[in-house]
Amino acid sequence: MRLDVSMALMERARKTIPAGVNSPVRAYLSVGGHPPFIREAKGATITDVDGNTYIDYVASWGPMILGHAHPKVVEALKRAVQRGTSYGAPTPLEVEMAEEITSAVPSMDWVRMVSSGTEATMSAMRLARGYTGRSKIVKFEGCYHGHVDSLLVKAGSGGITFGTPDSAGVPEGLARETLVAKFNDLSSVETLFAQYPYEIAGVIVEPIAGNMGMIPPRKGFLEGLRKVTQQHRALLIFDEVITGFRVGLSGAQGLYGIDPDITCLGKIIGGGLPVGAFGGKSDLMNVIAPLGPVYQAGTLSGNPLAVTAGLTTLRVLKEEGVYEQLEEKGFYLSEGVKDAFRDAGISVQSHRIGSMFCNFFTSITVTDYDTAKTSDTALFGKYFAGLLNEGVYIAPSQFETGFVSLAHTKEDLNKTIEAVRRVAQTL
Ligand code: HOZ
């Protein structure tokens, strides 16, 4: 595969953009090789500037659940763009969006739109602190909630990929307000509540961890979080930026039957345009400005294009049988990949929930940050490079999640399984 044009672009990009990329994992520093620069995407595939086409399982890190350039989304956007791109004023569309979200996610009576997942978690924390009058937040090792100062402590995604889970530039005083517990280990949370009984404003968690690879919650873990936060009058914040509308219409909270106090959304609700949202019960959201003292605002919040793409996406997702299809495709791919690794004699921990998946190159059961880190990242790098060369595009880091979309056909999945089979034999 030739990447000449991409390589030339990277050389040019490095002169004006740090590492040539606008988000660290895209630089391929942990897997080696050269990132293809993408020219266009359609359905389940993306095509780079050298003309190579790949079956895409990154899906823009989650949003493209319908596949790329879905005809309904494209049509809706074409119509919307002619009506202007931003007004900085209320629109009928954002009311529809709020109605769609709150009817799908029962724990959310009210929702505020923002422009990214990072803004959603940042605002959710401020809300938790403003509502409770407390300052400490509990997060989990390896969970990533965007690049919010207080949450870049033991962070997943690029943090774990590049060995910088605790970012520089976060004042010590702020980092001290973040307490870190172990994912899937309720006792580590109880210990923190015992240590700081009246100081914890909230516990923020990705109910299905998706930024240290994909790790499902253990049975009872989320229920336990719900209980312990209620006992201590702290708020439970679900970061469903990845899982919202991905594992079902009501997200991971619907799947596991837990009502958090605050939910953060992003990715899918923007249909591929920049978006985020946070919300909860009305008595809680009532403290948000201008009704209450917790300030939060944004020029592009509820942007008409982003909301149009998101609304159109949500309406397709509400059609009958959509999540069943995603489940079938996810199952088919994951079983095929597991067989391929088994036949090649490679020990892999294969995780999947619906259309989210991840393979860890380790023989140890992966349940948290420490066990995720037992994965052989050098072997992952070889696997990644092999797949890219075969025309299969997965995230360039062991510590991310793969996504199947509605656009993946049986043929795409079979081609992928065959590619994995060939690559696995070379590892
Ligand atoms: N940290 C993001 C995924 N978890 C990557 C975002 C990007 O590079 O676009």
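We number each residue from 1, following the sequence as shown. Remember, it's 1-based here, ligands and their atoms both numbered in the order they're listed.
Figure legend: cation-pi geometry between Lys410 and Tyr332, with NZ or CZ positioned under 6.0 Å from the six-membered ring centre and within 45° of its axis.
Here the shortest heavy-atom pairing between Ala234 and Asp261 reads O-OD2, 4.0 Å.
Ring-centre distance between Phe360 and His351: below the 6.0 Å cut-off. The aromatic ring centroids of Phe361 and Phe341 lie less than 6.0 Å from each other.
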Could you go through ligand 1 and note, for every N or O atom, any protein N or O atom closer than 3.5 angstrom, writing the atom names and distance to 0.1 Å, or 'none'?
{"residue": "ligand 1", "atom": "1 (N)", "partner": "Ser157", "partner atom": "OG", "Å": "2.7"}
{"residue": "ligand 1", "atom": "4 (N)", "partner": "Ser157", "partner atom": "OG", "Å": "3.2"}
{"residue": "ligand 1", "atom": "4 (N)", "partner": "Asn211", "partner atom": "OD1", "Å": "2.7"}
{"residue": "ligand 1", "atom": "4 (N)", "partner": "Glu400", "partner atom": "OE1", "Å": "2.8"}
{"residue": "ligand 1", "atom": "8 (O)", "partner": "Ser23", "partner atom": "OG", "Å": "3.1"}
{"residue": "ligand 1", "atom": "8 (O)", "partner": "Arg26", "partner atom": "NE", "Å": "2.9"}
{"residue": "ligand 1", "atom": "9 (O)", "partner": "Arg26", "partner atom": "NE", "Å": "3.0"}
{"residue": "ligand 1", "atom": "9 (O)", "partner": "Arg26", "partner atom": "NH2", "Å": "2.6"}
{"residue": "ligand 1", "atom": "9 (O)", "partner": "Trp61", "partner atom": "NE1", "Å": "3.0"}

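In Phe162, the CZ atom is crowded: over 12 heavy atoms of neighbouring residues, nucleotides or ligands sit closer than 6.0 Å.
For Glu206 and Lys139, the salt-bridge test fails: no basic side-chain N is under 4.0 Å from an acidic carboxylate O.
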